[in-house]
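Note that these values count all heavy atoms, side chains included, but never hydrogens, waters or copies made by symmetry.
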Amino acid sequence: QHGFARNLDWEVASTAADLLADTRTPEVELVLQQNDYTLAMWPYKFKMVFRIAIMGEESLRTEMRIINNDDKPFDFTAALHSYFEVAGIEKAKVKGLRGLTYLDKIAGAEKTQEAEVVQFQSEVDSVYYGAPNFVELDVGTGAGIAIKSSNWSDVVVWNPWTSMEACYKEFCCVENVQFKNPVSLQPGESWLATTDMEVVVL
């Protein structure tokens, strides 16, 4: 269910700090490349670049780029694993997914999202196929997180409920993913996807 990138140490390729008004946007660029550990699991040479930038007081941008440095094509899937604090999980709502087909991993079946919003009344682990490039999370305080993306195909909504008793009421996961249709890259090709997350008043 999870890939190897989250378990590895990344190299800090560059940073910028916005200490003065005329300096660059604060950002960090992280790089991951193949090593003996990854090649044992996935026999391809690659470069993965993840850039995170603070775009003002209430906005964050991420960019993920995957480059095929091998002499043969490869396929991959990817996910952001973005978790957000909420004011009680029963108050949280995810908007923008109505009408989509999704894989309900709890039930082990594909369904259609009929309701206007996704709400949390028990464990939720769902992958929404062909998701739009705008999804909104109502955190239950009158504020929300606007999630704008490009080149991600799907969205995951997850909350573990009482299987994580100590913290499940305080967060939910709404993440951009490339799940149903893996990306195929020929040698020398690259793939780029972005996500902007902004605090908004609802």
Side-chain angles (χ1 to χ4, degrees), residues 1-39 41-42 44-70 73-85 94 96 127-128 130-137 139 143-158 171-200:
Q1 179 168 320
H2 295 111
F4 55 75
R6 59 187 258 157
N7 298 322
L8 298 175
D9 294 328
W10 294 54
E11 175 190 353
V12 179
S14 65
T15 62
D18 193 6
L19 300 178
L20 301 173
D22 59 350
T23 58
R24 294 172 56 195
T25 298
E27 65 180 57
V28 61
E29 186 174 277
L30 307 173
V31 173
L32 179 67
Q33 299 189 77
Q34 78 282 343
N35 55 39
D36 291 343
Y37 178 78
T38 69
L39 289 169
M41 296 182 292
W42 196 61
Y44 300 101
K45 298 176 182 178
F46 69 94
K47 183 177 183 180
M48 186 174 181
V49 181
F50 191 58
R51 177 175 170 265
I52 307 164
I54 300 173
M55 313 295 290
E57 293 184 1
E58 298 180 335
S59 183
L60 189 74
R61 162 165 281 203
T62 69
E63 295 181 358
M64 183 183 290
R65 184 185 300 273
I66 313 262
I67 304 163
N68 183 347
N69 285 334
D70 214 308
F74 63 62
D75 298 340
F76 68 90
T77 58
L80 283 187
H81 299 293
S82 44
Y83 294 10
F84 301 99
E85 183 179 8
V94 182
V127 186
Y128 288 82
N133 59 13
F134 181 82
V135 175
E136 192 171 73
L137 168 64
V139 301
I145 307 294
I147 304 169
K148 304 174 185 177
S149 63
S150 66
N151 214 28
W152 290 102
S153 62
D154 313 305
V155 162
V156 163
V157 178
W158 176 72
F171 81 96
C172 71
C173 172
V174 183
E175 61 175 317
N176 292 117
V177 301
Q178 195 72 32
F179 175 83
K180 186 176 183 182
N181 298 309
V183 177
S184 296
L185 290 181
Q186 296 297 315
E189 290 185 339
S190 66
W191 172 86
L192 174 68
T194 67
T195 300
D196 292 320
M197 293 166 272
E198 182 179 8
V199 177
V200 295

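Closest non-hydrogen pair, Pro132 versus Gly96, comes out as CG-O, 3.2 Å. Contact between Asn35 and Tyr37 at its shortest, heavy atoms only, is OD1-N, 2.9 Å.
Between Phe76 and Trp42, the gap from one ring centroid to the other reaches at least 6.0 Å.
The closest side-chain heavy-atom distance from Pro182 to Thr77 is below 4.5 Å. In this structure the side chain of Asn176 reaches within 4.5 angstrom of the side chain of Val155, judged on heavy atoms. Proximity of Ile66 to Val183: side-chain heavy atoms (C-beta onward) are nowhere separated by under 4.5 Å.
The backbone N or O of Ser59 sits nowhere less than 3.5 Å from a side-chain atom of Glu198 that would complete a donor-acceptor pair. A donor-acceptor pair under 3.5 Å is formed between the side chain of Gln34 and the backbone N or O of Phe46. Side-chain N or O atoms of Asn68 include one that pairs as donor or acceptor with a backbone N or O of Leu185 at under 3.5 Å. Of the possible polar contacts, none joining the Asp196 side chain to the Lys148 backbone as a donor-acceptor pair under 3.5 Å is found.
The residue from Phe134, Tyr128, Phe179, Trp191 that alone fulfils the ring-ring contact (aromatic ring centres under 6.0 Å, His included) condition with Trp152 is Trp191.
Residue-environment remark: CD (Glu85) stays at or below the threshold of 12 foreign heavy atoms within 6.0 Å.
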Original post:
Run the side-chain hydrogen bond (donor to acceptor under 3.5 Å, both in side chains) check on Ser153 and Gln178 step by step: do they pass?
Top reply: CA-CA 5 Å; Ser153 62; Gln178 195 72 32; 3.1 Å; yes
